[in-house]
Asker: 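The structure follows.
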Amino acid sequence: VCLRIGVKLVKFRGIRLLKILKFLFAIIALVFSMYALITDSYTLFPFALLFLGGMLLVMGISEFQEKRMGNAILVIFASAFIIFVSIYTL
């Protein structure tokens with residue numbers, strides 16, 4: 001188990017921790033979105049947006065670690081906008 005606190009989150013049992021977080025955020029957003037589609041109740045949709053924003057934030061951090069600054073900045077700004085909209089609509 002190798003885990004560092006800071007910008008570099010390295011590995012957790014051979015799997016990068018950021019990939020686990022990205023997958024977890026995607027699954028939670030998918031569950032909220034499917035619930036909204038099945039029940040026609042869109043009250044939980046801001047939570048789906050919040051988790052999609054979290055997934056994009058994790059993607060931006062991983063892009064930043066791979067030294068792709070242009071992509072990282074664009075994805076982090078998109079994530080900040082989505083999180084702002086989701087919190088505003090709660």
Side-chain angles (χ1 to χ4, degrees):
V1 176
C2 182
L3 177 66
R4 291 185 197 170
I5 304 299
V7 176
K8 283 199 166 192
L9 296 173
V10 182
K11 290 189 179 186
F12 184 72
R13 293 187 186 198
I15 301 174
R16 291 186 64 183
L17 190 60
L18 290 177
K19 285 186 181 182
I20 294 171
L21 281 175
K22 182 172 67 172
F23 183 73
L24 184 68
F25 283 145
I27 293 297
I28 293 172
L30 180 69
V31 167
F32 278 129
S33 298
M34 289 187 65
Y35 176 79
L37 278 174
I38 292 171
T39 62
D40 284 333
S41 171
Y42 296 102
T43 57
L44 294 178
F45 198 66
F47 293 108
L49 280 176
L50 185 68
F51 285 107
L52 280 176
M55 184 186 73
L56 281 176
L57 182 65
V58 169
M59 288 172 62
I61 291 170
S62 67
E63 291 287 322
F64 183 73
Q65 285 182 346
E66 294 173 7
K67 305 287 191 244
R68 292 187 271 195
M69 298 301 170
N71 289 344
I73 291 171
L74 182 67
V75 172
I76 288 174
F77 279 142
S79 143
F81 178 72
I82 289 174
I83 290 172
F84 170 75
V85 168
S86 69
I87 290 173
Y88 186 74
T89 58
L90 283 176

Asker: So which pairs with a foot in residues 45-59 pass salt bridge (Lys or Arg N to Asp or Glu O under 4.0 Å), sequence neighbours left out?
Answerer: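 Every pair satisfying salt bridge (Lys or Arg N to Asp or Glu O under 4.0 Å) with a residue in residues 45-59: there are none.
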Asker: With side chains defined as the heavy atoms from C-beta onward, is the minimum distance between L18 and Q65 less than 4.5 Å?
Answerer: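 Result yes, sub-4.5 Å side-chain heavy-atom pair found.
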Asker: Quick one: name the residues clustered hydrophobically with I73, using the 4.5 Å side-chain heavy-atom rule over I, L, V, M, F, W, Y, and just say none if it's on its own.
Answerer: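 Once heavy-atom contacts under 4.5 Å are chained together, I73 belongs with F77.
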Asker: Restricting to pairs with a member in residues 41-65, which pass salt bridge (Lys or Arg N to Asp or Glu O under 4.0 Å), not counting sequence neighbours?
Answerer: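 Residue pairs passing salt bridge (Lys or Arg N to Asp or Glu O under 4.0 Å), neighbours aside: E63-R68.
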Asker: Find the distance between CD1 (I87) and CD1 (I82) and round it off to the nearest 0.5 Å.
Answerer: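 That separation rounds to 12.0 Å.
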Asker: Please tabulate, for the side chains in residues 23-30, all donor-acceptor contacts under 3.5 angstrom to protein atoms that are two or more places apart in sequence or on a different chain.
Answerer:
none

Asker: Provide the full list of side-chain hydrogen bond (donor to acceptor under 3.5 Å, both in side chains) pairs with a residue in residues 75-87, sequence neighbours left out, each pair given once.
Answerer: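 Applying side-chain hydrogen bond (donor to acceptor under 3.5 Å, both in side chains) to every pair that reaches into residues 75-87, excluding sequence neighbours, yields nothing.
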Asker: Between side-chain atoms of residues 41-61 and protein atoms elsewhere (two or more places apart, or another chain), which donor-acceptor pairs fall under 3.5 Å?
Answerer:
{"unit_1": "S41", "atom_1": "OG", "unit_2": "T43", "atom_2": "OG1", "d": "3.4"}

